[in-house]
Number of protein chains: 2
Amino acid sequence: MTDTIADRVPVLVERGLLADKATEHIRGLITAGRLCPGDRLNEVEIAAELSISRGPVREAVRRFASAGLVVSEPNLGSRVIDIDAAAVRGLYEVREALESMAARLAAERMQSRDKKALLEMLDQHALAMCGSAATDTYPAGSSDWDFHLAVLKGSDNAVAWRICGNELRDMFSLLRARHGRVPGRGKVALQEHRQVAEAILDQDGDLAAVLMSRHIRNSYRNQITLMSAGVPEDRRKEKI
Amino acid sequence: MTDTIADRVPVLVERGLLADKATEHIRGLITAGRLCPGDRLNEVEIAAELSISRGPVREAVRRFASAGLVVSEPNLGSRVIDIDAAAVRGLYEVREALESMAARLAAERMQSRDKKALLEMLDQHALAMCGSAATDTYPAGSSDWDFHLAVLKGSDNAVAWRICGNELRDMFSLLRARHGRVPGRGKVALQEHRQVAEAILDQDGDLAAVLMSRHIRNSYRNQITLMSAGVPEDRRKEKI
DNA sequence: TCCGTTCTTACTGTTGACAGTTAATAAGAT
DNA sequence: ATCTTATTAACTGTCAACAGTAAGAACGGA
């Protein structure tokens with residue numbers, strides 16, 4: 001098959017929805033830490049940055065509002081929520097409930113082929129950790145989430161998948177951007193992941209649920225100690 | 001204070017956002033069973049029904065898309081999802097996970113004043129059941145949800161509240177509209193509610209969680225037997 | 001009759017403009 | 001100087017029109 005114009009000029013076929021483009025843009029602003037709690041999402045400003053109209057931008061903003069990441073007040077606009085201690089607690093509680101359930105169901109429903117893929121994923125994570133300079137943190141990006149999403153997917157529950165994979169994920173991205181990632185827990189987290197994966201492999205749903213529950217609770221404990229240590233100065237938004 | 005024009009002509013001060021108006025309209029279509037799985041949400045049609053523009057209608061439709069109630073394909077529009085057996089299972093699984101957690105937390109965190117209000121609510125439900133003709137079904141409307149929402153609120157978890165109170169609620173409204181409500185479980189459900197409430201009152205979180213989990217599981221079992229009995233003819237959407 | 005092609009239609013995606021509201025700023029009175 | 005009152009500015013909410021796409025209808029050839 002000969003290459004077409006679309007193959008040679010891929011920039012011209014960028015014809016996804018502009019609302020998706022705007023969503024990714026805003027998500028990027030959040031994960032990069034450029035959008036801090038309390039900041040307002042100016043529709044015209046974002047539209048200008050992307051050289052598009054306000055319509056798709058507005059739609060993207062309302063998506064994040066539906067996810068609870070921003071709060072919108074009529075005629076006042078949308079501003080990024082402030083994730084205080086209570087919000088963090090609530091976030092981890094929901095994750096613990098949903099993901100421990102997902103681990104139980106994954107142990108019962110996952111194909112053996114996908115279970116092996118789960119273990120291989122953890123091997124790759126181990127390799128990435130040894131290779132990188134900082135061996136005590138989980139590899140950058142969303143590798144930590146990869147495992148959790150794989151378990152979610154294995155549970156074969158579309159609702160839980162949507163909640164954790166879309167809404168909560170952005171919430172935790174914002175949390176990361178604000179308070180940084182937890183140091184020194186990479187190896188332990190990987191170990192806990194492996195225990196969960198083995199329980200899933202053994203089709204031991206109860207054990208998988210308990211281990212996942214404990215894993216998330218440990219992660220929470222680590223998070224609050226990190227937060228109580230204070231927010232790094234360079235991550236604090238300067239007054240404009 | 002003398003009455004103003006706003007008091008005499010309340011229809012003139014209907015100045016909520018049109019998107020909210022459209023959202024309620026669509027929600028009404030769903031709960032009334034006028035919007036069946038597979039039906040397309042025509043933006044211009046809905047806008048014409050409300051005598052408003054497409055903008056707010058579009059926003060309302062995308063809200064339901066975020067909640068997973070409709071699926072949107074680019075350039076093809078949004079259609080109501082088909083809640084098959086797998087979807088129902090997933091819905092109840094998530095509810096069981098979240099609400100059993102909420103029951104546990106409510107037992108620990110609820111004010112004693114709110115706990116008493118919880119029991120009084122059940123007394124009112126009992127009265128409503130005795131008063132109505134059909135004593136074997138929970139009172140119409142959202143009384144069943146009232147209890148569950150009260151527990152959710154008592155858990156003091158904003159995330160779980162948003163998920164169950166907004167997204168899942170519409171899902172179950174659609175489920176109700178499609179398959180009707182479960183007959184003959186009103187008294188049993190009330191009994192189970194009362195057991196949960198008493199466990200919460202006793203601050204026995206573990207017991208409250210187990211009882212709530214069992215309650216939702218029973219509800220699920222009842223739902224699938226109802227669904228396997230088939231869809232009532234009058235609720236099936238006729239071909240247009 | 002059947003299949004492929006063109007045309008039409010109806011819908012969504014996007015835009016720019018206008019209206020209404022809120023908040024900040026400037027002007028004025030005490 | 002301080003409080004109150006206009007004025008301005010900036011932003012959101014809403015609308016109507018345009019552009020683009022996908023499905024179906026009409027058409028023509030085998």
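Naming: A, B, ... by sequence-line order, numbering from 1 per chain.
Contacts between residues 61-69 of chain A and DNA chain D, counted as heavy-atom distances below 4.0 Å, involve A/R62.
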Using the 3.5 Å cut-off, write out each protein N or O paired with an N or O of nucleotides 15-23 of chain D and the distance between them.
{"residue": "D/dC15", "atom": "OP2", "partner": "B/S53", "partner atom": "N", "Å": "2.9"}

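Shortest non-hydrogen contact noted between A/R162 and B/S66 is NH1-O, 3.2 Å. Closest approach of A/A150 to A/M110, counting heavy atoms only: O-CE, 4.1 Å. When all heavy atoms are compared, the tightest approach of A/A160 to A/M101 is CB-CE, 4.0 Å.
Using a 4.5 Å cut-off on side-chain heavy atoms (C-beta onward), B/S219 and B/R185 make contact. Using a 4.5 Å heavy-atom threshold, the side chains of B/F172 and B/R95 count as touching. A 4.5 Å side-chain heavy-atom check between A/L226 and A/R221 finds every atom pair outside the cut-off.
Electrostatic pairing of B/R62 and B/E59 does not count as a salt bridge here, judged by no charged N lying under 4.0 Å from a carboxylate O. Look at A/K116 and A/E120 and you find no salt bridge, because none of the NZ, NE, NH1 or NH2 atoms lies under 4.0 Å from a carboxylate O.
Residues forming a side-chain contact (heavy atoms from CB on, under 4.5 Å) with A/A67 (at least two apart in sequence, or on another chain): A/E167.
Rounded to 10°, the helix from C/dT1-D/dA30 to C/dT30-D/dA1 has 10° between the axis fitted to its first five pairs and the one fitted to its last five.
How far CD1 of A/I163 is from CG of A/N157: 8.0 Å, rounded to the nearest 0.5 Å.
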Per-pair distances, 0.1 Å, donor-acceptor, side chain in residues 79-89 of chain B, under 3.5 Å, sequence neighbours excluded:
{"residue": "B/R79", "atom": "NH1", "partner": "B/G38", "partner atom": "O", "Å": "2.7"}
{"residue": "B/D84", "atom": "OD1", "partner": "B/A87", "partner atom": "N", "Å": "3.0"}

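For DNA chain C, the outermost nucleotides in 5' to 3' order that have an atom under 4.0 Å from a heavy atom of chain A are C/dG13 to C/dA23.
The side-chain hydrogen bond (donor to acceptor under 3.5 Å, both in side chains) test with B/R63 singles out one residue from B/N166, B/D170, B/D20, and that residue is B/D20.
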